[in-house]
Amino acid sequence: MTLDELRDLYAYGAWANARVFDAVLDLPPGVADAPGVSSFPSIRGTLAPLVGADWIWLRRWMGESPAGVPAWTSSDDLAALRRQLQAVEADRTAWFERLTASDFTRVLAYRNLAGESFATPL
């Protein structure tokens, strides 16, 4: 995969995320928090960990090892969660713009949320 293809895939992901949030924000009040049959308790309960995971991986790519997700992932405000996702996506886009092909050969070392060490090619 080329760097341009990777950028395109993440741009597509940002586009898809925007569509999902558009749909969720258009739901009648209470629907996003209604219990559902899934691995997560609700629609909001599905979106928050996804946004948090995007944030965690970006932080790892940038050389950090967060010990947990930010407090904003537990916000009741879906519009605020969407703004956080947009900020993560903007930061990720800026990070991608600084990447070169040689960056793909470096090893990414980080600690997961349990504190365990990992190392993998970027």
Side-chain angles (χ1 to χ4, degrees):
M1 176 173 295
T2 69
L3 185 53
D4 285 337
E5 290 170 328
L6 189 60
R7 287 179 179 139
D8 287 346
L9 285 173
Y10 274 96
Y12 174 78
W15 171 83
N17 286 336
R19 298 219 32 195
V20 168
F21 269 90
D22 285 345
V24 171
L25 289 168
D26 282 344
L27 292 172
V31 172
D33 294 311
V37 179
S38 132
S39 55
F40 295 99
S42 65
I43 294 171
R44 179 192 320 276
T46 301
L47 294 176
L50 295 175
V51 176
D54 276 1
W55 179 86
I56 287 170
W57 276 106
L58 178 59
R59 304 316 318 163
R60 289 174 178 164
W61 295 342
M62 296 171 76
E64 301 171 20
S65 289
V69 295
W72 51 255
T73 60
S74 61
S75 171
D76 288 338
D77 184 349
L78 279 170
L81 184 62
R82 181 185 202 168
R83 288 189 299 275
Q84 290 293 342
L85 175 60
Q86 290 168 329
V88 169
E89 291 170 341
D91 289 347
R92 184 174 55 214
T93 298
W95 183 80
F96 274 129
E97 291 305 314
R98 295 187 299 271
L99 282 183
T100 65
S102 65
D103 285 317
F104 286 107
T105 62
R106 72 178 165 96
V107 173
L108 174 66
Y110 65 93
R111 292 191 178 277
N112 68 7
L113 299 181
E116 301 166 317
S117 295
F118 288 87
T120 184
L122 180 62

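Values below: every heavy atom of this structure, side chains too, minus hydrogens, waters and symmetry copies.
By the side-chain hydrogen bond (donor to acceptor under 3.5 Å, both in side chains) test, Asp4 pairs with Arg7, sequence neighbours left out.
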Under the side-chain contact (heavy atoms from CB on, under 4.5 Å) criterion, do Ile56 and Leu113 qualify, and how do the steps go? CA-CA 9 Å; Ile56 287 170; Leu113 299 181; 3.9 Å; yes

Using side-chain contact (heavy atoms from CB on, under 4.5 Å), reason through Arg82 and Asp22 one step at a time and then give a plain yes or no. CA-CA 9 Å; Arg82 181 185 202 168; Asp22 285 345; 2.6 Å; yes

Verdict with supporting geometry, Leu122 and Leu99, side-chain contact (heavy atoms from CB on, under 4.5 Å): CA-CA 11 Å; Leu122 180 62; Leu99 282 183; 4.2 Å; yes

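A perpendicular orientation is assigned to the rings of Tyr10 and Trp61, their planes being inclined by more than 60° (bins at 30° and 60°).
Side-chain contact between Val88 and Asp91 is absent, with no heavy-atom pair separated by less than 4.5 Å. Within the 4.5 Å cutoff, the side chain of Arg83 has heavy atoms near those of the Asp77 side chain. Side-chain contact between Asn17 and Asp54: present, with at least one pair of heavy atoms (C-beta onward) separated by less than 4.5 Å. The shortest side-chain heavy-atom distance between Thr120 and Tyr110 falls under the 4.5 Å cut-off. At a threshold of 4.5 Å between non-hydrogen side-chain atoms, the residues Trp55 and Val69 do not count as touching. Looking only at side-chain heavy atoms (C-beta outward), Phe21 and Val51 come within less than 4.5 Å of each other.
Contact record, Val24 with Ala32: CG1-CB, 4.1 Å, taken as the closest heavy-atom pair. For the pair Pro66 and Arg59, the tightest heavy-atom approach, listed with the atom from each and the gap, is CG-CB, 3.6 Å.
One distance of note links CG of Leu47 with OG1 of Thr73; it measures 12.0 Å at 0.5 Å rounding. Note that CG of Leu85 and CG of Leu50 are 9.0 Å apart. Values are rounded to the nearest 0.5 Å.
Between the Arg111 side chain and the Ala67 main chain, no donor and acceptor come within less than 3.5 Å of each other. Between the Asp103 side chain and the Thr100 main chain, a donor and an acceptor come within less than 3.5 Å of each other.
Cation-pi geometry between Arg60 and Trp57 is satisfied (NZ or CZ under 6.0 Å from the ring centre, within 45° of the ring normal).
With a 6.0 Å radius and a threshold of 12 heavy atoms from other residues, nucleotides or ligands, Arg106 has its CZ atom above the threshold.
A continuous path of ILVMFWY side-chain contacts below 4.5 Å connects Val20 to Ile43, so both sit in one hydrophobic cluster. Under the 4.5 Å side-chain heavy-atom criterion for ILVMFWY residues, a single connected hydrophobic cluster contains both Leu6 and Leu108. The cluster map of Ile, Leu, Val, Met, Phe, Trp and Tyr, joined by side-chain heavy atoms under 4.5 Å apart, puts Phe104 and Leu58 in the same cluster. A single hydrophobic cluster is not seen to contain both Phe40 and Leu78; linkage of ILVMFWY side chains at heavy-atom distances under 4.5 Å, directly or through other members, places them apart.
Tyr12 belongs to a hydrophobic cluster whose other members, connected by ILVMFWY side-chain contacts under 4.5 Å either directly or through intermediates, are Trp15.
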